[in-house]
Amino acid sequence: MTARAVFAIGIALGMGVVMDGQSAPGIDWPQWQGPDRNGISRETGLLKEWPASGPSLVWSASNLGGGYGSIAVKGDRVYVQGMKASASIVSALNRADGKPVWSKSLGPSASSDQGSGPRGTPTVDGDRLYVMTESGDLACLKTDGTALWQRNVLKDFNGRNLRWLISESPLVDGNNVIVTPGGSSAGMVALDKMTGKTVWTARELSDPAGYSSPVVAEVGGVRTYTTLTSGAGVGVRASDGKLMWRYDRAANNVANIATPVFFDNKVFYTSAYDTGGALLGLTAQNGEVKANEIYFTRDMKNHHGGVVLVNGYLYGYSDSILTCLEFATGKTRWRDRSVGKGAVTYADGNLYIQGENNVVGLAEATPNGYNEKGRFKIADEGLPSWAHPVVSGGRLYVRNQGTLAAYDIRAK
């Protein structure tokens, strides 16, 4: 069988095929929340249940530096941010064995009462890496670690850091990189991804930033970026930064964190602190997108673990209870404490849950009730285990502060 045939079969089956340093689309996890920025892995052929001790450990890497960010996986590299010796850094590891390849300091680190270090996830775009630190330094590097350009978005756009530090993961879309400095007349900005020069600022949006990361919403031919700011769910036109909607009911006055979920010309926002979630219907007219509330629910108060949409149902933690919610109606299907409050990723019929109290779980993604398929404990690093788990190339990646572990989850 030819190499081309093996590669094609690997794509079709969702296998971890890696050739010449490049891996099949859908096997990589090149940015925050994966290939489509929605917490969904396209892989199949994974374990349906775990042994009592959990899946087999492939490798574990330590001394990565403190922080809560997740990881990006592309080709033969894994990219992760951390804090070392008062510097905010990004590191590349060998995907096969977790050994360090290179590390780069991007600027000063920062601390808060909830722990030090970066909260974001690097974004890989071709041979470039885009990284936002907890202090607002946005850097573009080659994937070999060579620095290309860097600017501090707080200084450049009159933003200010947040109580619990910037937590954004940059969005690369077309020729631009999108971030939310939260400055006056610059709540969101687009920069040329090759040079870092400003393309536009969202002049009608002056909200301070939230802790969320933007996603693309294509509605009736109008390309849009949507995120949660400090005060609202917003939609900004991709071509020029025009603010097209602002919806404040699903936002709170403390911390808006969860990434919006966009599907079928609808967007779902959710936040905790006794708030809730809302589904908005989006319609395009005369080159603009309008948003109208379909429902508001108090049954999904997601703090920071995110929600995923699978076959018409949302799965995520409402405060500390794992909840299944019907996307179209907001009707609750079930609630369960599961492994404790955590972050949720989906792959091959199951939810991968990283509990903040150092328990990792597997549960079936079904509206018919909570059905756990396994759990195991990870080492306590002294702070909550808040990083989101990643499924890529038949492996489950679990980051907890300065440690990253890769587990084999392929069906045998």
Side-chain angles (χ1 to χ4, degrees), residues 14-16 18 23-47 50 54-61 64 67-82 90-98 118-124 129-131 167 169-170 213 215 258-259 304-308 310 315-316 339 342-356 358-363 365 376 378 385-410:
M15 296 165 56
V18 180
S23 55
I27 302 307
D28 287 330
W29 193 271
Q31 63 176 331
W32 166 243
Q33 290 199 329
D36 300 309
R37 217 168 167 92
N38 59 5
I40 304 292
S41 168
R42 308 172 196 166
E43 294 187 42
T44 57
L46 306 179
L47 289 170
W50 288 344
S56 300
L57 179 67
V58 179
W59 54 257
S60 180
L64 300 176
Y68 289 116
S70 188
I71 65 165
V73 184
K74 182 68 182 290
D76 56 5
R77 296 286 182 262
V78 174
Y79 303 94
V80 61
Q81 294 176 245
V90 61
S91 300
L93 311 178
N94 189 307
R95 184 173 183 167
D97 55 18
R119 282 86 163 103
T121 300
T123 301
V124 188
L129 188 69
Y130 297 85
V131 189
S167 304
S169 302
S213 295
V215 297
T259 299
H304 52 69
V307 292
V308 295
V310 181
Y315 299 89
V339 300
V344 179
T345 296
Y346 169 85
D348 197 19
N350 286 313
L351 306 173
Y352 291 77
I353 307 159
Q354 186 166 338
E356 66 178 9
N358 309 305
V359 179
V360 179
L362 184 73
F376 65 96
I378 58 176
S385 179
W386 281 342
H388 287 219
V390 165
V391 174
S392 178
R395 291 179 178 176
L396 168 65
Y397 294 90
V398 176
R399 192 263 175 97
N400 192 9
Q401 293 297 313
T403 300
L404 175 65
Y407 299 87
D408 185 358
I409 56 172
R410 295 172 298 175

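Between Ala387 and Arg399, the shortest heavy-atom distance links the atoms CB-O, 3.3 Å. Closest non-hydrogen pair, Ala72 versus Val124, comes out as CB-CG2, 4.1 Å. The shortest heavy-atom contact between Trp32 and Arg37 is O-CG, 3.4 Å. Scanning both residues, Ser213 and Ser167, for their nearest heavy atoms gives OG-O, 4.2 Å. Heavy atoms only, all atoms of each residue included: Pro35 and Trp29 are closest at CD-CE3, 3.8 Å. The shortest heavy-atom contact between Pro55 and Asp408 is CB-O, 3.4 Å.
Here the CG atom belonging to Leu93 is positioned 10.0 Å from the OH atom belonging to Tyr79, to the nearest 0.5 angstrom. To the nearest 0.5 angstrom, Leu57 atom CG is 11.5 Å from Ile378 atom CD1. The distance from atom OH of Tyr315 to atom CG of Leu351, rounded to the nearest 0.5 Å, is 6.5 Å. Once rounded to the nearest 0.5 Å, the distance linking CD1 of Ile40 with CD of Gln33 reads 9.0 Å. A distance of 11.0 Å separates CG in Leu64 from CG in Asn400, rounded to the nearest 0.5 Å. Atoms CG and OG, on Leu404 and Ser91 in that order, are 10.5 Å from each other to the nearest 0.5 Å.
Of the candidates Val58, Val390, Val73, Arg395 forms a side chain to side chain contact (heavy atoms under 4.5 Å, CB included) with just one, namely Val58. Only one option out of Val80, Leu129, Val78 pairs with Pro122 in a side chain to side chain contact (heavy atoms under 4.5 Å, CB included); it is Leu129.
In this structure, Trp50 and Ile409 have side chains that are in contact, with non-hydrogen atoms separated by less than 4.5 Å. Residues Phe376 and Tyr407 have side chains in contact (heavy-atom distance under 4.5 Å, counting atoms from C-beta outward). Side chains of Leu46 and Tyr352 form a contact here, defined as non-hydrogen atoms less than 4.5 Å apart. Proximity of Tyr68 to Gln401: side-chain heavy atoms (C-beta onward) are separated by under 4.5 Å at one or more points. For the pair Thr121 and Gln31, the minimum side-chain heavy-atom distance is 4.5 Å or more. You'll find the side chain of Val215 stays beyond 4.5 Å of the side chain of Asn38, heavy atoms only. Inter-residue side-chain proximity for Asp28 and Arg95 is flagged as met; some heavy-atom pair is nearer than 4.5 Å. Considering only heavy atoms from C-beta on, Tyr397 stays 4.5 Å or farther from Pro389 through its side chain.
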* To do: Dump the intermediate steps for side-chain contact (heavy atoms from CB on, under 4.5 Å) on Glu43 and Asp348, then the final yes or no.
  => CA-CA 6 Å; Glu43 294 187 42; Asp348 197 19; 5.9 Å; no

* Worked check of side-chain contact (heavy atoms from CB on, under 4.5 Å) between Val398 and Gln354 -> CA-CA 8 Å; Val398 176; Gln354 186 166 338; 3.6 Å; yes

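In this structure a side-chain-to-backbone donor-acceptor pair under 3.5 Å is missing from Ser41 to Tyr346. Using modelled atom types, no side-chain atom of Gln81 and backbone atom of Arg119 make a donor-acceptor pair closer than 3.5 Å.
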